[in-house]
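Excluded from the calculations below are hydrogen atoms, water molecules and symmetry mates; all remaining heavy atoms, backbone and side chain alike, are included.
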Amino acid sequence: LSGPRALEGADLFSASMLDARTIGEKPGSASALKIAYAAWTKCTDALVLAIRTLAAMEGVDKALLEEWALSQPDLERRSFQAAAVAVPKAWRYAGEMREIAATFEAAGRPAERARCADDVRRELPAPPPWCGAATGTCAVPVREVEAEEVDGGRAP
């Protein structure tokens with residue numbers, strides 16, 4: 001929560017299971033934090049999925065995983081987690097990605113950063129072929145998602 005009465009608002013939830021935290025008195029700070037966090041989770045998932053898919057398409061997936069094992073040991077796990085969690089529900093991210101882009105733009109930063117991640121989201125196959133979900137070899141189970149009328153009638 002943020003704003004001049006944030007502490008008051010947090011106190012209303014003190015006896016509940018909700019973890020209401022305050023981050024300052026400036027109105028809008030809590031919303032800015034939500035957008036920044038959403039940008040991190042959505043954009044990094046999109047980027048790791050795009051990179052892993054590109055490597056698979058170029059035939060260098062094994063070499064990429066070997067490099068990640070040496071220099072970025074958590075990225076292989078993250079790629080499987082993103083395939084299992086983000087891909088099946090990525091169609092729901094459209095509105096949030098537009099909010100993220102608008103927030104970047106309002107802050108004087110290039111909105112294209114969020115638009116790029118949204119483009120990646122739209123282009124990803126569900127599930128990505130490298131995940132092995134069709135053969136049951138994906139490290140994290142991937143759910144199939146029925147296409148719904150979303151984002152202009154297109155749900156990946």
Side-chain angles (χ1 to χ4, degrees), residues 1-2 13 17-24 28-156:
L1 303 173
S2 62
F13 297 98
M17 293 177 60
L18 183 65
D19 179 19
R21 291 177 268 158
T22 61
I23 64 165
S29 295
S31 294
L33 174 61
K34 180 216 176 274
I35 290 291
Y37 186 81
W40 165 254
T41 57
K42 308 299 188 289
C43 295
T44 56
D45 279 352
L47 186 57
V48 76
L49 288 167
I51 291 167
R52 185 80 194 271
T53 300
L54 171 67
M57 292 170 66
E58 293 294 326
V60 296
D61 196 40
K62 183 178 180 209
L64 177 65
L65 295 179
E66 289 169 359
E67 178 56 39
W68 279 356
L70 296 171
S71 62
Q72 305 288 327
D74 194 45
L75 281 182
E76 181 177 10
R77 182 197 60 79
R78 277 207 59 169
S79 70
F80 281 116
Q81 182 179 3
V85 176
V87 170
K89 62 183 181 179
W91 58 269
R92 297 187 335 202
Y93 294 175
E96 195 167 14
M97 295 307 294
R98 284 190 294 270
E99 288 178 33
I100 292 167
T103 303
F104 269 89
E105 199 166 53
R109 308 306 311 154
E112 288 74 20
R113 294 170 180 171
R115 289 190 189 114
C116 179
D118 193 38
D119 288 346
V120 168
R121 170 198 64 83
R122 291 170 188 266
E123 294 170 4
L124 286 172
W130 52 261
C131 184
T135 60
T137 59
C138 191
V140 182
V142 176
R143 293 183 300 116
E144 292 294 325
V145 177
E146 292 181 25
E148 296 188 16
E149 285 293 317
V150 181
D151 196 22
R154 183 173 184 271

Engineer: List the steps, then state whether side-chain contact (heavy atoms from CB on, under 4.5 Å) holds for Ile51 with Leu64.
Structural biologist: CA-CA 9 Å; Ile51 291 167; Leu64 177 65; 4.0 Å; yes
Engineer: Roughly how far, to the nearest 0.5 Å, is the CD atom of Glu96 from the NZ atom of Lys42?
Structural biologist: 4.0 Å
Engineer: Does Glu105 reach the side chain of Pro110, with side-chain heavy atoms less than 4.5 Å apart?
Structural biologist: no
Engineer: Nearest heavy-atom pair of Ala111 and Ala101: which atoms, and what distance?
Structural biologist: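 So the minimum-distance heavy-atom pair works out to CB-O, 3.3 Å.
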Engineer: Evaluate the salt bridge (charged side-chain N to carboxylate O under 4.0 Å, His left out) criterion for residues Glu67 and Lys62: first the C-alpha distance (whole Å), next the side-chain angles of each, then the deciding distance (0.1 Å), finally the verdict.
Structural biologist: CA-CA 9 Å; Glu67 178 56 39; Lys62 183 178 180 209; over 6 Å; no
Engineer: Could you measure the distance from the CG atom of Asp74 to the CH2 atom of Trp68? Nearest 0.5 Å is fine.
Structural biologist: 10.5 Å
Engineer: Is a side-chain donor-acceptor pair under 3.5 Å present for Thr44 with Arg78?
Structural biologist: yes
Engineer: Between Thr53 (side chain only) and Ala50 (backbone N and O only), is there a donor and an acceptor less than 3.5 Å apart?
Structural biologist: no
Engineer: Identify the two heavy atoms, one from Ala83 and one from Leu49, that lie closest to each other, and give their separation to 0.1 Å.
Structural biologist: N-CD2, 3.7 Å
Engineer: Quick one: is the NZ or CZ of Arg52 closer than 6.0 Å to the six-membered ring centre of Phe80, and within 45° of its axis?
Structural biologist: yes
Engineer: About how many Å separate OG of Ser29 and NZ of Lys34, when rounded to the nearest 0.5 Å?
Structural biologist: 15.0 Å
Engineer: Is there a side-chain contact between Trp40 and Ile100, using heavy atoms and a 4.5 Å cut-off?
Structural biologist: no
Engineer: Search all heavy atoms of Gly28 against all heavy atoms of Ser2 and return the closest pair with its distance.
Structural biologist: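 Closest approach of Gly28 to Ser2, heavy atoms only: N-OG, 3.5 Å.
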Engineer: Looking at CG of Leu65 and CG of Leu75, how far apart are the two atoms once the value is rounded to the nearest 0.5 Å?
Structural biologist: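 CG of Leu75 is found 10.0 Å from CG of Leu65.
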